[in-house]
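Read through the structure below, which is laid out as structure tokens, and then see the notes.
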Amino acid sequence: MTEFPPLPGRPEPDNRETFRQCLAHLLRLLGPDADPAGHQRTEIRKALARRQPLPEEFFVPLIEAAVHDPDPSFNRQFVEPALRAFGRRRVQSALLDRLRTGTNPERAGVARAWYWTGLPKAAQDRAPDVVAAWNEAALREFVGNDDLDVRRCLIPGLWLYAPAHSPELRPLVDRAVAIARAHPDDYIRHRVDHQVHG
């Protein structure tokens with residue numbers, strides 16, 4: 001079994017203030033269900049678990065918190081409630097839209113959040129068309145965007161087995177592999193050689 005190194009820390013300071021604002025927004029929405037004096041993440045996680053179903057007003061704040069969370073492990077706390085309340089298609093579609101239109105820090109955050117949308121759910125909740133659109137958009141973003149954090153966050157999810165792609169996408173896969181193999185970043189070079197086979 002191949003062991004991958006953990007995703008490196010972000011190469012430039014992340015905007016923790018934006019994330020703090022996301023947490024504060026969720027705490028306001030949760031009202032008395034969450035103790036504002038407690039640990040924010042813990043209070044939000046517990047309150048979200050108790051409060052089902054979630055009303056519509058929670059959708060955007062959960063997506064924002066997942067995208068801006070600086071910790072690629074803890075952002076799951078926002079993705080999972082969004083999946084349960086609003087469905088995989090809607091969550092994945094929102095992340096895909098942000099990948100296409102967001103800033104580079106947002107694109108990196110979106111890639112980290114997308115990982116958790118693949119968690120097992122009911123078959124009827126699958127959205128293969130959205131996943132296919134994401135795979136193409138992520139591939140194009142990796143090739144066309146030289147931001148280190150974006151590339152580091154995208155590469156674990158890239159499907160780099162060229163024969164599995166449509167003929168029109170295979171040159172893009174080859175380009176992504178070439179970029180990754182020649183990249184000065186150790187993490188990116190280490191990941192690519194384990195992802196070029198089916």
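Keep in mind that what you see is a predicted model, and the values were worked out from it rather than measured.
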Asp185/Arg151 under salt bridge (Lys or Arg N to Asp or Glu O under 4.0 Å): CA gap, chis, key distance, verdict: CA-CA 10 Å; Asp185 184 66; Arg151 281 184 168 163; over 6 Å; no
Sidechain N-carboxylate O distance under 4.0 Å for Asp69, Arg76: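 No.
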Within one Ile-Leu-Val-Met-Phe-Trp-Tyr cluster: Val60 and Phe86, side-chain cutoff 4.5 Å: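 Val60 clusters together with Phe86.
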Shortest non-hydrogen separation from [X] to [Y] and the atoms involved:
X	Y	answer
Leu48	Pro81	CD1-CG, 3.9 Å
Ala47	Ala34	CB-CB, 4.1 Å
Phe142	Ala176	CE2-O, 3.5 Å
Ile44	Leu30	CA-CD1, 4.0 Å

Derivation of the side-chain contact (heavy atoms from CB on, under 4.5 Å) call for Leu54 and Leu62: CA-CA 11 Å; Leu54 292 174; Leu62 283 171; 3.8 Å; yes
Side-chain contact test, heavy atoms from C-beta onward, threshold under 4.5 Å: evaluate it for [X] versus [Y] and give yes or no.
X	Y	result
Tyr187	Ile155	yes
Val110	Trp134	yes
His183	Leu148	yes
Arg41	Asp71	yes
Tyr161	Val173	no
Pro70	Phe19	yes
Leu139	Glu136	no
His25	Cys22	no

Can you name the side chain to side chain contact (heavy atoms under 4.5 Å, CB included) partners of [X], sequence neighbours left out?
X	answer
Gln92	Arg88, Trp114, Thr117, Ala127, Val130, Val131
Ala137	Leu96, Leu99, Arg100
Ala66	Phe78, Val79, Ala113

How many angstroms lie between atom [atom1] of [X] and atom [atom2] of [Y], to the nearest 0.5 angstrom?
X	Y	atom1	atom2	answer
Arg20	Arg16	CZ	CZ	8.0 Å
Leu29	Glu57	CG	CD	5.0 Å
Leu172	Arg140	CG	CZ	5.0 Å
Ile179	Arg189	CD1	CZ	14.5 Å
Asp174	Leu160	CG	CG	10.0 Å
Arg112	Leu154	CZ	CG	10.5 Å

Exceeds 12 heavy-atom contacts within 6.0 angstrom, atom CZ of Arg175: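 No, because the 6.0 Å sphere around CZ of Arg175 holds 12 heavy atoms or fewer from other groups.
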Heavy atoms of other groups near Phe59 CZ, more than 12 under 6.0 Å: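 Above 12, so yes.
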Check: Asn145/Asn104 side-chain N/O donor and acceptor closer than 3.5 Å: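 Result is yes, a qualifying pair exists.
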Donor-acceptor pair, side chain of [X] and main chain of [Y], under 3.5 angstrom:
X	Y	value
Gln195	Leu158	yes
Glu106	Arg98	no
Arg170	His165	yes

Pair Asp129-Arg89, salt bridge (Lys or Arg N to Asp or Glu O under 4.0 Å): steps then yes or no: CA-CA 9 Å; Asp129 55 326; Arg89 172 178 292 279; 2.8 Å; yes
